[in-house]
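This report concerns only the one structure given below.
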Number of protein chains: 2
Amino acid sequence: MTQISRREQNRIEREHRILEAAMTVFAQSGYSGAGMDAIAAEAGITKPTLYQYFESKEALFSAMMRGFRNEMLDVFQHPSDEGMVQDLYLFAWDYADTVMRPDMLALARLIIGEVGRFPEIGRYYQEAGPDRLLQGIMTYLDSCRAAGRLEFQDAELAAEDLWGLILSAPRTHALYKPDLVPPRADLARFIHNGLRVFLRAYSTRPADDLTQLEKLTRLPPPASTGDA
Amino acid sequence: MTQISRREQNRIEREHRILEAAMTVFAQSGYSGAGMDAIAAEAGITKPTLYQYFESKEALFSAMMRGFRNEMLDVFQHPSDEGMVQDLYLFAWDYADTVMRPDMLALARLIIGEVGRFPEIGRYYQEAGPDRLLQGIMTYLDSCRAAGRLEFQDAELAAEDLWGLILSAPRTHALYKPDLVPPRADLARFIHNGLRVFLRAYSTRPADDLTQLEKLTRLPPPASTGDA
DNA sequence: GAATTTCTTTACTTATGAGTTAAGAATTAT
DNA sequence: ATAATTCTTAACTCATAAGTAAAGAAATTC
């Protein structure tokens, strides 16, 4: 009954190991800088075995990129019962914890660095990650507007504002400083401020919302959703 | 009296040509992907001549990076007589026109992509570009606060908000899509919206300022400050 | 204007990395 | 257990790219 032979099982496991190794090495050295030997060594195999799995360096690179499909998927879509401010607050932390993960930053750096040579990967990543997330935020903000809790003309701009206020600064810094992992307290500073500004600009009852936000920011930040 | 011989003159010109060529090729292919032959060819010389000017690939790369010292320098520092809203509006366009220039984006992509291997270049660039600019914005915003025109606790956060609201979105998109130069109308959309949100959140007289901003945004955008 | 110096080039050396071939180890089926 | 098959490896080929040495062109000095 073992339709899945031990061999096949090993093959699959090894493929995962290869893709992880490829991620590590490509992120460290870039596409041209990464050697197939180095990737094989990182995966604990040798080069010809690697070619058994992927016919070329480019194929491996593409497969790896496509493998990293949106972990940052539907962070949130629908309003909860806890109210908008808490939704936004938890969302902000969730998003921050994902986007600021070292491996996510390394992936972003790699894509940005190689996008000149692999334009389709830039597009793919944009659509699978940021664009989908933006859609989620837009949907949520729209529902808040429908409920009379927010006021805006253009949902896309509002969503971009939210992201720009909360994460643009720490992420930009992090992209330029790979050695420096920003402490959680720094993130809190940007998240609290960003939400404050967003609510001041967009809320239909800013005073109430800001009071509630104050309460939330006095508590310790929510636990990180965990690493990959 | 020609202390500067023709030779020296040529040398200097050629060094410029080499650095420009290096920028072009490095930006296109990354550090590892760029060949010294390709750079030499781009500069209209051959490889050994190149080594007369720079002792190694790494030296050339570093020199080039250091050569691109902040063109985005003191975009603005002091309040003008035209009033805060116009200052901010002109500043936003000035900054956008600089930051969204294809060569600036290519440079940013290159640095982000190579920062894992050249951390000091990431730091240098951050300090020479973004950090200095942020200081300029902070100084200006502080003066507005002193004049009673803006209200905030933390000048750094306010400055980051301004940048995040205006340029985070178009720049992030542009970083991932090198083939797509964002049209000026798109920039206008983000700039107008960003300033609107910023003023709503930070101005001491939001109604007045938003009216004035409306007037400005009805005019055609200011002429681009020109290419490098 | 001829000699010296400096700069530029053609032609090399060496190393590293992508991709392959043939031999050896492990696994499945009888 | 043994034969057949499949997977893995050590050793190789070929191309490209970093860096160099010696020959040739150009400019400066006497």
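Below, read A as the first sequence line, B as the second, and so on, with proteins coming before strands; counting in each chain starts at 1. Worth knowing before you read on, the calculation uses all heavy atoms, side chains too, and leaves out hydrogens, waters and symmetry mates.
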Heavy-atom nearest nucleotide on DNA chain C for A:Glu55 versus B:Leu50: which residue maps closer to 5'?
B:Leu50
C:dT9 P sits how many Å from B:Ile45 CD1, rounded?
7 Å
Candidates D:dA17, D:dA11, C:dA18 - which lies nearest the side chain of B:Asp37
D:dA17
Measure CZ/B:Phe54 against C1'/D:dT20 and give the value in whole Å, please.
19 Å
Rounded to whole Å, the CG-P distance (A:Leu60 to C:dG19) equals 10 Å
Nearest-Å distance, CD (B:Glu15) to C1' (C:dC7)?
15 Å
Want to settle it: does B:Ala34 or A:Arg14 sit nearer the 5' end of DNA chain D, counting the closest nucleotide to each?
A:Arg14
As a test of reading the structure: which of D:dT20, C:dG19, D:dA18 is closest to the side chain of A:Lys57, going by heavy atoms?
C:dG19
Would you kindly give the OH-to-P distance between B:Tyr31 and D:dA17, to the nearest whole Å?
14 Å
Test item: side-chain donor near acceptor, B:Trp163 and B:Ser168, under 3.5 Å:
no
Whether A:Thr49 contacts D:dT9 is assessed here as follows: a side-chain N or O lying under 4.0 Å from the phosphate OP1 or OP2. Is that the case?
yes
B:Tyr51, nearest nucleotide to its side chain (from C:dG19, D:dG19, D:dT9):
D:dG19
Without decimals, in angstroms, what is the distance between A:Glu58 CD and C:dG17 P?
19 Å
Geometric cation-pi criterion B:Arg14 and B:Tyr53, 6.0 Å radius, 45° cone
no
Does this structure show an ion pair linking B:Glu114 with B:Arg117, if we count only N-O contacts that are shorter than 4.0 Å?
yes
Output the rounded distance in Å from CZ (B:Arg11) to C1' (D:dA27).
14 Å
Does the base of D:dA17 carry an N or O that pairs as donor and acceptor with the side chain of B:Lys47 under 3.5 Å?
no
State, yes or no, whether a side-chain contact exists between B:Arg184 and B:Trp93 at a heavy-atom distance under 4.5 Å.
yes
Using a 4.0 Å heavy-atom cut-off across all strands, classify A:Gln52 as base, sugar-phosphate, or nothing.
base
Can B:Asp131 and B:Arg123 be counted as an ion pair, charged N to O under 4.0 angstrom?
no
Would you classify B:Tyr53 as touching base, sugar-phosphate or nothing, given that sugar-phosphate means primed atoms plus P, OP1 and OP2, and contacts are heavy atoms under 4.0 Å?
sugar-phosphate
